Q: 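Structure provided below as structure tokens; questions to follow.
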Amino acid sequence: MSISDNTPVIIGVGEASERIGAPGYAALSPAALAAGAAKAAIEDAGAGDIAGQIDVIAAIRQFEVSGPGAKPPFGAADNFPRSVAARIGADPRHAILEIVGGQGPQHLVNEFAHAIAAGETRMALMVGSEAISTVRHLATQGESRDWSEAIGGQLEDRGYGLEGLLTSDLAGHGARTPISVYALFENARRARMGKDRASYGLEMGELFAPFTKVAHGNPHAMSQEVYTPEELATVTGPNRLTSDPFPRRMVARDQANQGAAVLMTSAGKARELGVPEDRWIYLWGGADVKERTPVQRQDLSKSPASTAAVQRALDAAGVRLSDIGVFDLYSCFPIAVFNICDALGLSPTDPRGLTVTGGLPFFGGAGNNYSMHAIAEMVRRLRAKPDTVGLVGANGGFLSKYSVGVYSAKARDFAPFDSKPLQAEVDSWAAPALDQAYSGEAAVETYTIDYAGPAPRGVVVARTPAGARIIAMTPPDDAAVVGEMIATDPLGRRAILAPGEGGKVLVTGLAG
């Protein structure tokens with residue numbers, strides 16, 4: 001098949017990683033890890049030194065610079081993408097620092113596929129990294145590093161992109177971190193499924209146990225230990241409860257030292273450079289969407305925008321879910337995977353598997369950059385099985401942003417796709433009423449108990465008799481209420497709510 005010169009193709013992928021205590025551990029900075037991955041991607045293209053052909057470098061933001069108040073403990077480059085460029089001998093005309101969110105890598109692939117097809121970009125390198133584990137290790141040892149770099153030069157800093165992710169109603173009542181908000185989603189799903197704590201914990205373990213086997217065989221995985229469903233579900237000292245219902249092994253592993261890169265150009269440029277066509281991977285379809293804030297969603301156990309994005313990407317690619325041979329579904333918490341499986345009829349134990357890396361709790365949650373690793377591994381698998389079609393689902397925020405890519409080594413001209421109609425549909429969905437002035441009994445919709453602080457504390461989302469949603473918290477100075485939530489399952493019960501100081505709503509007890 002003769003492919004049009006303007007068809008975007010992935011020609012190279014690369015990863016770099018190191019584990020503390022492993023042979024050769026060098027305590028690399030994020031820029032060094034990213035550069036290692038970028039060099040590997042260039043080598044992977046099989047066309048010699050092509051760094052000078054890169055005209056755009058788009059970088060994923062590290063966790064340590066993902067908020068306005070964030071301060072990197074060892075300093076950072078003032079222009080991260082150009083810091084990477086300098087290490088690999090590139091001088092791009094355009095450098096980009098992407099917004100926060102795990103959707104970023106797939107979103108950038110979708111974006112630059114269109115830019116390349118339109119002739120606006122010649123060759124794009126997408127790259128990111130994290131060295132969270134090294135930072136914590138060195139700090140624990142009382143050591144420091146100077147990773148600051150004054151690079152300067154052009155930079156399109158797209159900002160943090162945190163607007164509209166979380167409202168003060170949740171954050172003000174104690175659900176402000178990903179782990180606590182996702183715990184609310186997870187327990188909402190448990191309520192919908194009608195399961196008790198033990199059986200649902202085992203269901204989460206059954207979902208993630210196969211992921212550990214994939215991580216075991218991945219040389220870049222931060223944890224390569226294989227666990228049974230029971231070992232994942234059973235709360236022990238090393239597998240402590242974080243936020244109910246999550247034991248530690250069920251959540252993204254943020255202690256990671258990993259970098260990944262994806263190199264994309266046009267088919268015409270790839271031919272000119274002599275990149276072998278058996279290295280080319282095609283983007284058949286994709287989608288990008290932003291969900292409503294959590295309190296604006298009718299059902300906290302679902303993110304219909306995410307599943308609609310997967311379906312839109314499949315439609316754009318002209319394939320069905322049954323045609324997909326390889327999946328990587330973003331797995332920061334079980335609910336992120338369950339959400340896609342439930343809506344699309346995909347079994348959590350599907351023999352095709354749901355991850356190519358081992359997933360965020362085991363391979364590693366490399367900050368906003370995890371899905372760059374998923375795309376890199378997906379490319380390798382599709383090259384090995386050229387008749388296969390793969391799907392990557394990348395999630396950001398609080399099930400807030402979802403980007404999807406459908407890939408194959410089978411040659412196909414690029415067909416542009418547009419997510420604007422899907423976004424308009426999502427934006428038109430009705431939101432439930434919120435009534436933070438209500439007092440009295442309200443049906444518990446979901447809850448979590450956060451064990452991170454000096455004492456457990458509970459967060460409850462409930463529905464008033466009129467059907468309005470209300471957010472509440474257990475009294476900070478009353479251990480009895482949260483103790484009752486720990487001892488007896490709050491789902492299926494009614495929370496007794498009363499006003500507290502500073503506009504807070506307090507859970508004073510449970511009824512029913």
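All values reported here derive from a predicted model rather than from experimental measurement.
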Q: With heavy-atom distances below 4.5 Å as the criterion, would you say the side chains of N339 and N395 are in contact?
A: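 N339 does not reach N395 side chain to side chain.
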Q: Taking the six-membered ring where the residue is Trp, are the ring centres of H216 and F362 under 6.0 Å apart?
A: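 No, too far apart.
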Q: Does a side chain donor of either S4 or T7 reach within less than 3.5 Å of an acceptor in the other side chain?
A: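 There is no such pair between these side chains.
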Q: Could you give the distance from OG (S83) to CD1 (I151), rounded to the nearest 0.5 Å?
A: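 So the OG of S83 and the CD1 of I151 are separated by 4.5 Å.
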Q: If we count only N and O atoms by modelled type, under 3.5 Å, do the side chains of N110 and S403 hold a donor and an acceptor together?
A: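 Per modelled atom types, N110 and S403 side chains form no pair under 3.5 Å.
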Q: Under a 4.5 Å cut-off applied to non-hydrogen side-chain atoms, are D342 and R192 in contact?
A: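 D342 reaches R192 side chain to side chain.
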Q: Are there over 12 heavy-atom neighbours, none belonging to K410, within less than 6.0 Å of that residue's NZ?
A: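 Atom NZ in K410 is packed in, count exceeds 12.
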Q: Under 4.5 Å between any side-chain heavy atoms of I116 and V9, yes or no?
A: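 In short, these two side chains do not touch, never coming nearer than 4.5 Å.
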Q: So, do L162 and V100 sit near enough that their side-chain heavy atoms are less than 4.5 Å apart?
A: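 Heavy-atom side-chain distance check passes, below 4.5 Å.
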Q: Minimum heavy-atom separation for I57 and A85, please, with both atom names.
A: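 Heavy atoms only, the tightest pair is CD1-CB, 3.5 Å.
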Q: Parallel, tilted or perpendicular, judged at 30° and 60°: which one describes the rings of H114 and F417?
A: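 Correct class here is perpendicular.
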Q: Hey, is E377 close enough to R381 for a salt bridge, meaning N to O under 4.0 Å?
A: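 Yes, this pair counts.
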Q: Are R249 and E225 ion-paired here, with the side-chain N under 4.0 Å from a carboxylate O?
A: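 Salt bridge flag = no for E225 with R249.
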Q: Is the shortest distance from a Lys or Arg side-chain nitrogen in D315 or R312 to a carboxylate oxygen in the other one below 4.0 Å?
A: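 No salt bridge links D315 with R312.
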Q: Could you walk me through whether H220 and Q258 satisfy the side-chain hydrogen bond (donor to acceptor under 3.5 Å, both in side chains) test, starting with their C-alpha distance in whole Å, then the side-chain angles of each, then the deciding distance to 0.1 Å, before giving a yes or no?
A: CA-CA 8 Å; H220 296 289; Q258 297 169 317; over 6 Å; no
Q: Restricting to non-hydrogen atoms, name the atom on A113 and the atom on P8 that form the minimum distance, rounded to 0.1 Å.
A: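 Answer, listing the atom of A113 first, then P8: O-CG, 3.4 Å.
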Q: Would you check, one step at a time, whether the test salt bridge (Lys or Arg N to Asp or Glu O under 4.0 Å) holds for R469 with D169?
A: CA-CA 11 Å; R469 180 173 280 154; D169 303 296; over 6 Å; no
Q: CZ of R320: more than 12 outside heavy atoms within 6.0 angstrom?
A: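 No - once you tally the heavy atoms of other residues, nucleotides and ligands closer than 6.0 Å, there are 12 at most.
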Q: Partners of R279 by salt bridge (Lys or Arg N to Asp or Glu O under 4.0 Å), sequence neighbours excluded?
A: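 For R279 the salt bridge (Lys or Arg N to Asp or Glu O under 4.0 Å) partners, ignoring immediate neighbours, are D44.
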Q: Is the shortest heavy-atom distance from the side chain of L108 to the side chain of V262 under 4.5 Å?
A: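 Heavy-atom side-chain distance check fails, nothing below 4.5 Å.
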Q: Can you tell if the side chain of M378 reaches within under 4.5 Å of the side chain of V326, non-hydrogen atoms only?
A: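 Yes - at least one pair of side-chain heavy atoms lies under 4.5 Å apart.
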Q: Find the distance between CZ (F211) and OG1 (T355) and round it off to the nearest 0.5 Å.
A: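 The OG1 atom of T355 is 5.5 Å from CZ of F211, to the nearest 0.5 Å.
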Q: Please report the C-alpha distance between S303 and E291 in whole Å, then the side-chain angles of each, then the deciding distance to 0.1 Å, and finally whether the side-chain hydrogen bond (donor to acceptor under 3.5 Å, both in side chains) criterion is met.
A: CA-CA 7 Å; S303 171; E291 180 67 273; 3.0 Å; yes
Q: Quick one: closest heavy-atom pair of P304 and W429, and the distance?
A: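 Heavy-atom minimum between the residues: CG-CZ3, 3.5 Å.
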Q: Just by distance, no angles: are the side chains of T357 and N218 close enough, under 3.5 Å, to form a donor-acceptor pair?
A: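 Absent: no donor and acceptor within the cut-off.
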Q: State plainly whether the residues E98 and K401 are in salt-bridge range, i.e. N to O under 4.0 Å.
A: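 No, this pair does not count.
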Q: For the atom pair OH (Y330) and OG (S306), what is the distance rounded to the nearest 0.5 Å?
A: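 Going from the OH atom of Y330 to the OG atom of S306 covers 12.0 Å.
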Q: Please tell me whether Y182 and S243 have a donor and an acceptor in their side chains that are separated by less than 3.5 angstrom.
A: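 No pair is found: no donor N or O on one side chain lies under 3.5 Å from an acceptor on the other.
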Q: Short question: side chain of R61, backbone of G367 - any donor-acceptor pair under 3.5 Å?
A: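 A pair under 3.5 Å: no.
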Q: If every non-hydrogen atom of G101 is compared with every non-hydrogen atom of N368, which pair is closest and at what distance?
A: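 Result for this residue pair: N-OD1, 3.0 Å.
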Q: Given R93 and Q154, is the side-chain hydrogen bond (donor to acceptor under 3.5 Å, both in side chains) satisfied, shown in steps?
A: CA-CA 8 Å; R93 63 174 176 81; Q154 176 274 334; over 6 Å; no
Q: Flag the pair D427 and K420 as a salt bridge only when some basic side-chain nitrogen lies within less than 4.0 angstrom of an acidic carboxylate oxygen.
A: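 Salt bridge flag = no for K420 with D427.
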Q: Considering only heavy atoms from C-beta outward, does the side chain of L399 approach that of R297 to under 4.5 Å?
A: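 A side-chain contact under 4.5 Å exists here.
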Q: Does atom CG (D91) have a neighbourhood of more than 12 heavy atoms from anything else shown, all under 6.0 Å?
A: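 No - once you tally the heavy atoms of other residues, nucleotides and ligands closer than 6.0 Å, there are 12 at most.
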Q: Hey, is K269 close enough to E272 for a salt bridge, meaning N to O under 4.0 Å?
A: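 Counted as a salt bridge, because a side-chain N and a carboxylate O are separated by less than 4.0 Å.
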Q: Check whether any side-chain heavy atom of V337 lies under 4.5 Å from a side-chain heavy atom of P348, and answer yes or no.
A: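 Side chain of V337 against side chain of P348, heavy atoms only: no contact under 4.5 Å found.
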Q: How many angstroms lie between CZ in F80 and OG in S129, if you round to the nearest 0.5 Å?
A: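 Answer rounded to 0.5 Å: 3.5 Å.
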Q: Look up atom OH in Y370 and atom CD1 in I375, then write down how far apart they are to the nearest 0.5 Å.
A: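 Output value for this atom pair is 10.0 Å.
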Q: Where the side chain of R145 meets the backbone of V135, is there a donor-acceptor pair that is under 3.5 Å apart?
A: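 The answer is no, because no donor-acceptor pair under 3.5 Å joins these two groups.
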Q: Between atom CD1 of I54 and atom CZ of R122, what is the distance when rounded to the nearest 0.5 Å?
A: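 Interatomic distance, I54 CD1 to R122 CZ, rounded to 0.5 Å: 9.5 Å.
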